[in-house]
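Single-structure report; data block below.
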Amino acid sequence: SIFPDIYFALGYCYLQLKLYTKAAKAFTRVVSFTPENGDAWNNLAVAHLNDKNYRPAYDALLQASRLKRKSWKTWDNLLTTSLRLKELETALSAIEKVTKLKPKSYEGGAGYYDQAERDAKDIEQKNDEKKQQEEEVKEDEENQTIDEENEINDKIDQDTLIMLSY
């Protein structure tokens, strides 16, 4: 049928124009006509990834990886998305595929995997900072409580001294 090809071209154009929601709709039409189209599933996932819709991207990448088993880029995208969603079994499987399939000569820039690694480090650093802030707040609260108790004890001691002086 001609319709899937037209929607595929339309989706590709939308991707190039960074109109990711429209691209996702176009590629959704393609896969509804031709569910065996691994490229359409992958491009649908790319559109969702760029819109930060990770769960639909993950689902599309699962389909794409089944259909494009030798595409290291598809597996790389699945790896990144799996890490974001903490789908660790899928991530482990995907990293095995990426390491086996990725050409040794590939010198691409920062890909999705590199970005995911940086994102994971950023999240870890933010979690560490948050824990440190929480500990500091807790320590400040404990110190404030101790200070308040000391003030109360000092007041009691002063009142006791005043009473004793009568």
Side-chain angles (χ1 to χ4, degrees), residues 1-140:
S1 172
I2 193 168
F3 291 115
D5 294 337
I6 291 171
Y7 280 109
F8 190 96
L10 181 63
Y12 182 79
C13 289
Y14 283 141
L15 281 178
Q16 296 305 306
L17 293 170
K18 298 182 180 182
L19 299 171
Y20 302 117
T21 302
K22 289 183 177 186
K25 287 179 183 176
F27 287 116
T28 298
R29 295 292 297 263
V30 175
V31 299
S32 72
F33 288 120
T34 55
E36 72 283 357
N37 188 331
D39 290 322
W41 283 108
N42 188 66
N43 289 351
L44 174 59
V46 169
H48 283 309
L49 284 171
N50 281 293
D51 262 350
K52 297 185 179 5
N53 296 324
Y54 299 115
R55 181 55 63 181
Y58 175 80
D59 294 339
L61 285 164
L62 287 175
Q63 291 296 328
S65 66
R66 287 185 191 111
L67 297 165
K68 297 178 57 74
R69 301 195 67 70
K70 295 191 185 241
S71 169
W72 71 266
K73 289 181 180 181
T74 299
W75 287 104
D76 192 44
N77 290 344
L78 181 58
L79 169 61
T80 302
T81 307
S82 299
L83 290 172
R84 284 186 182 273
L85 296 174
K86 295 182 173 77
E87 296 283 352
L88 301 181
E89 287 183 34
T90 304
L92 288 172
S93 174
I95 201 164
E96 287 177 22
K97 294 286 188 178
V98 170
T99 55
K100 286 180 185 176
L101 297 171
K102 189 174 182 178
K104 304 284 187 240
S105 62
Y106 180 75
E107 294 182 18
Y112 285 116
Y113 177 74
D114 298 329
Q115 183 62 44
E117 189 174 5
R118 284 194 302 276
D119 289 349
K121 286 180 183 177
D122 288 346
I123 290 169
E124 186 177 338
Q125 182 179 358
K126 286 177 184 175
N127 284 342
D128 290 345
E129 289 171 1
K130 184 177 178 183
K131 283 181 186 176
Q132 185 177 356
Q133 287 174 347
E134 288 172 353
E135 288 173 7
E136 289 173 0
V137 166
K138 186 176 178 181
E139 187 177 320
D140 287 346

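Here the structure is a predicted model, which is why all the values come from computation and not from measurement.
The CG atom of Leu79 lies 10.5 Å from the OG1 atom of Thr90; values are rounded to the nearest 0.5 Å. Put simply, CG on Asn43 and OG1 on Thr28 are 11.5 Å apart, with the number rounded to the nearest 0.5 Å. Atom-to-atom distance recorded for Leu78:CG and Ile95:CD1 is 11.5 Å, nearest 0.5 angstrom. Rounded to the nearest 0.5 angstrom, Leu62 CG and Thr74 OG1 are separated by 11.5 Å. Separation of atoms NZ (Lys68) and CH2 (Trp75) is listed at 12.0 Å; rounding is to 0.5 Å. Separating the CG atom in Leu10 from the OH atom in Tyr7 is a distance of 8.0 Å, to the nearest 0.5 Å.
Judged purely by atom type and a 3.5 angstrom limit, Thr34 has no side-chain atom pairing as donor or acceptor with the backbone of Val31. At least one donor-acceptor pair under 3.5 Å links the side chain of Asn50 to the backbone N or O of Val46. Distance alone, capped at 3.5 Å, places no donor-acceptor pair between the Asn42 side chain and the Ala64 backbone.
A 6.0 Å sphere centred on CD of Glu89 holds no more than 12 heavy atoms belonging to other residues, nucleotides or ligands. Crowding of Tyr20 atom OH: a count of heavy atoms from other residues, nucleotides or ligands under 6.0 Å exceeding 12.
Trp41 has its side chain out of reach of Leu61: every pair of non-hydrogen atoms, C-beta onward, lies at least 4.5 Å apart. Two residues are said to be in side-chain contact when any heavy atoms from C-beta on lie closer than 4.5 Å; Gln63 and Asp59 fail this criterion. Considering only heavy atoms from C-beta on, Asp39 stays 4.5 Å or farther from Val30 through its side chain.
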Between Phe8 and Phe27, is a side chain to side chain contact (heavy atoms under 4.5 Å, CB included) present by the stated rule, with each step listed?
CA-CA 6 Å; Phe8 190 96; Phe27 287 116; 3.7 Å; yes
What verdict does the side chain to side chain contact (heavy atoms under 4.5 Å, CB included) test give for Leu67 and Asn37, after you've listed the backbone C-alpha separation in whole Å, the side-chain angles of each residue and the deciding distance to 0.1 Å?
CA-CA 7 Å; Leu67 297 165; Asn37 188 331; over 6 Å; no
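Lys97 meets the salt bridge (Lys or Arg N to Asp or Glu O under 4.0 Å) test with no other residue; sequence neighbours excluded.
Aromatic ring pairs are classed by plane angle as parallel below 30°, tilted from 30° to 60° and perpendicular above 60°; the pair Phe33 and Phe3 is parallel.
For the residue pair Ala47 and Ala24, the shortest heavy atom distance occurs at CB-N, 3.7 Å.
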